[in-house]
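Labels below follow one simple rule: chain letters A, B, ... track the order of the sequence lines, proteins then strands, and each chain is numbered from 1.
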Number of protein chains: 2
Amino acid sequence: MPAGTGPHVLRRINVVTVLTALREGGPQRVADLVTATGLSRPAVSRAIDTLRAEGWAEDADQRSGAGGEIRVGRPAAVIRFRSEAGHVLGADVGPHKILAMVSDLAGNVIAERREDTHRLRGGEEVLRALLRITTDVLAEAGVPAGDVLSAAIGSPGLVDTKTGTVTLAPSIPGWASIPVAAELRSLLACPLSVHNDVNLAVLAERWRGTATEADDLVFVQWGARVGAGIMIDGRLLRGTNAAAGEIGFLDLAEHRGPDGPHIVTRDTMGPFERQVGASAIIELALAEAERQGDARLRELMLRARPHDDVAALFDAASAGSALAESIVDQIAARFARGLAAACLLLDPELIVIGGGVSRAGARLLTVVERHLRRRTLVRPRLALSSLGDTAVALGATRSALDDVERRHLSPDALGASR
Amino acid sequence: MPAGTGPHVLRRINVVTVLTALREGGPQRVADLVTATGLSRPAVSRAIDTLRAEGWAEDADQRSGAGGEIRVGRPAAVIRFRSEAGHVLGADVGPHKILAMVSDLAGNVIAERREDTHRLRGGEEVLRALLRITTDVLAEAGVPAGDVLSAAIGSPGLVDTKTGTVTLAPSIPGWASIPVAAELRSLLACPLSVHNDVNLAVLAERWRGTATEADDLVFVQWGARVGAGIMIDGRLLRGTNAAAGEIGFLDLAEHRGPDGPHIVTRDTMGPFERQVGASAIIELALAEAERQGDARLRELMLRARPHDDVAALFDAASAGSALAESIVDQIAARFARGLAAACLLLDPELIVIGGGVSRAGARLLTVVERHLRRRTLVRPRLALSSLGDTAVALGATRSALDDVERRHLSPDALGASR
DNA sequence: TTAGTTACGAACGATACGTTACTAAATATC
DNA sequence: GATATTTAGTAACGTATCGTTCGTAACTAA
């Protein structure tokens, strides 16, 4: 087996070129692939032979192709990427639910399973639930475990991507330090990676969300806690210690404890989260309602408090409560200060806001934008996440697909056997 | 000329492989290149022939090679990258000086010229000085203008990289909106780009400074104004509007004007700069000296004020003045808050501090680090810039070299003629 | 049934690589 | 001065790839 660079390398390059064109252009004729790749027809033909032999391509049904035009002459065979040649697993282990999905290589979700985690006690139970759901979703999809080419898991907290364990996850008691990757390897023989949930969400936003085409992108998770996923040049920014995007720990207001400034630690919530997180919003609204003697808003907020359900406040603002509106304005102003830091440092094209608070809707966006404008030199677009609570699982799927592309559909891998 | 992928592409790839090995490994024998590239000897020979014909390589003097061992048998011919095959120009148009340098393709600085800009009045004069210095430094290097393959200019302020004009440069009166690139094109027929000075400094730090090997890197310019250059994965983060790293506009203390929060604009200094910039340091020291009745420090600061020369304060602190020391501590605490924002968002491996204030030395670094520690989740290394005021020009050189590598020394370009 | 159109595949020449073997060159050692 | 040693260069051969060209297959329409 020659190690150097010979004609076979050329072959691989061209095979991948054809495969890429096939995957991006959908089912198409040989002639289409010829123009798409710039290769000659025999070269494309040979490449297709290879792809067929390795199971990546096959002839599609004649009529399914992009025909429809003048049907004269010998009908062209339509070649199709066999997206069912392999599958990936993407899962989201969150504070409220576990969501796992199986997708094919084109990213079509074949099956998904979801389970509330409220009554689960301890990380061991969460892990067992994850294993069970994984088995179930694979069965539902009809995919044997051996056909899974890659898997990715999203989890809140800090994640050691190398070992595949969660280092710290305050929102899921007992979840940290469980060897998730190792445990799942008993089910799946494929490569498996664990990632921070917000980082996966930003992948999903760019893949299937509001952010298609944006290369410089910040996704802000705004819920009980606040975190950001950052994408630069279409690549995820993880940071040296996998701790990039920890916007929740920004200290914008010079909080002071009894002895000097507040010390930031991982075990507690950060200063910024305490200012704009869901519970901070409720508490502010409650305090203001009491101060202003607004019994109705006070009642609403008391009812919302157990679940930190901020929707009630935004509904009140929409319904015309001037007090609620002013509270929303205050919150937006605080939030904008944190966003401004990200804008000044990163100058992103787009900021997508997700998480529980973002469900307040476009109204909140407008107010935040107004405050942001006076704090930054540039004006990035703002948008709400459109993916809901599937963002993390979708991002995990995308991450697994990326892994498959690197390992199976790249020049280094393809045709290496022959 | 076939557009597709054929054996000739293979050829180019291998020629570039050999060239890269030659450039990275220094002058070496053919046998060394064979092991370095994994190609066969005939293939390497052919590639060298091509490189020789195109002027990129030649035989070196026998003894200059990495010999020194047993000198038995036919002495090996040593092949050398002809770093003199082309040159690049890097220039820094700063508030105090213009510095231009000519380097060969290996990055060796052949000649440099520097000129104070204090007595220059208006952007037109600065431009004329730049053109003159450019001509001079080329003459001194003995490089005809036609041999310059690429040029890059660094300027403070905001730069439109596409058109090559400076949009805003408060520190050089009249400099903005002068079409620098267009004017220089009358001297140089090569591609020419204009960049923000701090962005170039971060390139230089990674190339020749303290930051070699660090892929995630922040360079903070701490002088009269404050800005940052950000490198992620070894690539410069410019931002969608070329406005990334504007750390000087961070508003950490909730400054309030008469009607609401301060509005950030490009024409003025940013909130963070006003807190920790050189003049803020002097003013703080002066106020404290008066408040505490320290006549000596007051005198020192009054003398330092015209040029915002902060060295005097740090000297006093080193000399044992408790008051000066406490002022340094206050400044470091403020500065650490801004750094913390960058750390939380980016999680860099290393932060390099440059600019006038950084000349205070390692002492300042230690204090900043102490304050930073309690504000971040991770602890990046801190370092002082070792490049002094040549950083921007060196970075411009590096940027021009990158351009040459892309345009002349890549598979797309090399051997395209034959 | 025939003509026209389109797609596919085989044959050919050009070019590249790797392997192998041989020659040429330059120096040290005897 | 002859020999051994080490390296570079070159030529021949086999293999593999590409692009070009041309013949054949398949299908529609008259």
Side-chain angles (χ1 to χ4, degrees), chain A residues 1-18 27-35 37-50 52 57 59-60 62-63 65-79 411 414-418, chain B residues 1-18 27-35 37-53 57-63 65-80 411 414-416 418:
Chain A
M1 46 199 75
T5 306
H8 60 283
V9 172
L10 202 54
R11 188 66 204 278
R12 285 191 203 174
I13 294 174
N14 286 335
V15 168
V16 170
T17 305
V18 172
Q28 55 196 302
R29 303 172 309 167
V30 177
D32 298 327
L33 287 170
V34 167
T35 59
T37 58
L39 296 170
S40 70
R41 212 183 38 215
V44 172
S45 263
R46 276 189 294 262
I48 291 174
D49 287 345
T50 304
R52 246 195 287 253
D59 289 17
Q62 299 294 90
R63 32 208 107 260
E69 287 142 47
I70 332 125
R71 315 274 255 81
V72 129
R74 174 178 175 173
V78 175
I79 314 295
L414 231 141
S417 54
R418 60 196 53 239
Chain B
M1 47 201 74
T5 305
H8 58 284
V9 172
L10 203 53
R11 187 66 204 281
R12 286 193 202 171
I13 293 175
N14 286 336
V15 169
V16 170
T17 305
V18 170
Q28 55 198 299
R29 304 171 308 166
V30 177
D32 297 329
L33 287 170
V34 168
T35 60
T37 57
L39 296 170
S40 68
R41 211 180 45 206
V44 172
S45 264
R46 276 189 295 262
I48 291 174
D49 286 346
T50 304
L51 291 172
R52 249 195 285 253
E58 70 173 13
D59 289 15
D61 284 350
Q62 299 294 92
R63 31 208 107 259
E69 287 141 48
I70 330 129
R71 316 275 255 81
V72 121
R74 173 178 174 173
V78 175
I79 314 294
R80 194 180 76 85
L414 229 139
R418 59 196 56 237

Atom pair distance, as rounded to whole Å: CG in A/L39 and C1' in D/dT20 = 14 Å
Side-chain N,O (B/S45) to OP1/OP2 (D/dG9) below 4.0 Å | yes
Tell me whether the OP1 or OP2 atom of C/dA16 has a side-chain N or O from B/R46 closer than 4.0 Å.
-> no
Euclidean distance, atom CD1 of residue B/I13 to atom P of C/dA16 [Å, nearest integer] | 13 Å
Can A/V34 and A/L39 be said to form a side chain to side chain contact (heavy atoms under 4.5 Å, CB included), step by step?
-> CA-CA 6 Å; A/V34 167; A/L39 296 170; over 6 Å; no
Kindly say if A/N14 contacts the phosphate of D/dT17, meaning a side-chain N or O under 4.0 Å from OP1 or OP2.
-> no
Rounded interatomic separation in angstrom, taking CZ from A/R11 and C1' from C/dC17 = 16 Å
When the distance from NE2 of A/H8 to P of C/dT19 is rounded to whole Å, what number comes out?
-> 10 Å
Selection from D/dC18, C/dG18, D/dG9 that lies nearest to any side-chain heavy atom of B/R52 | D/dG9
Quick one: A/R12 CZ to C/dA16 P, roughly how many Å, whole number?
-> 21 Å
How do B/L10 and A/A31 order along DNA chain C: which one's closest nucleotide is nearer the 5' end?
-> A/A31
Listed nucleotide nearest any side-chain atom of A/P42, set C/dA10, C/dA7, D/dT7 | C/dA10
Straight-line distance of A/L10 CG to B/I13 CD1, nearest 0.5 Å | 7.0 Å
Name the closest nucleotide to the B/R29 side chain, picking from D/dA8, D/dC18, C/dG18.
-> D/dA8
C/dT6 P sits how many Å from A/D32 CG, rounded?
-> 14 Å
For B/V15 and for A/V30, locate the closest nucleotide of DNA chain C by heavy-atom distance; then report the residue assigned to the nucleotide nearer the 5' terminus.
-> A/V30
Side-chain contact, heavy-atom cut-off 4.5 Å: A/L33 with A/I48?
-> yes
Answer yes when B/R46 and B/D49 have at least one side-chain N-carboxylate O distance shorter than 4.0 Å, and no when they do not.
-> no
How many angstroms lie between CG in A/N14 and OG1 in A/T37, if you round to the nearest 0.5 Å?
-> 8.0 Å
Are OP1 or OP2 of D/dA8 and a side-chain N or O of B/R41 less than 4.0 angstrom apart?
-> no
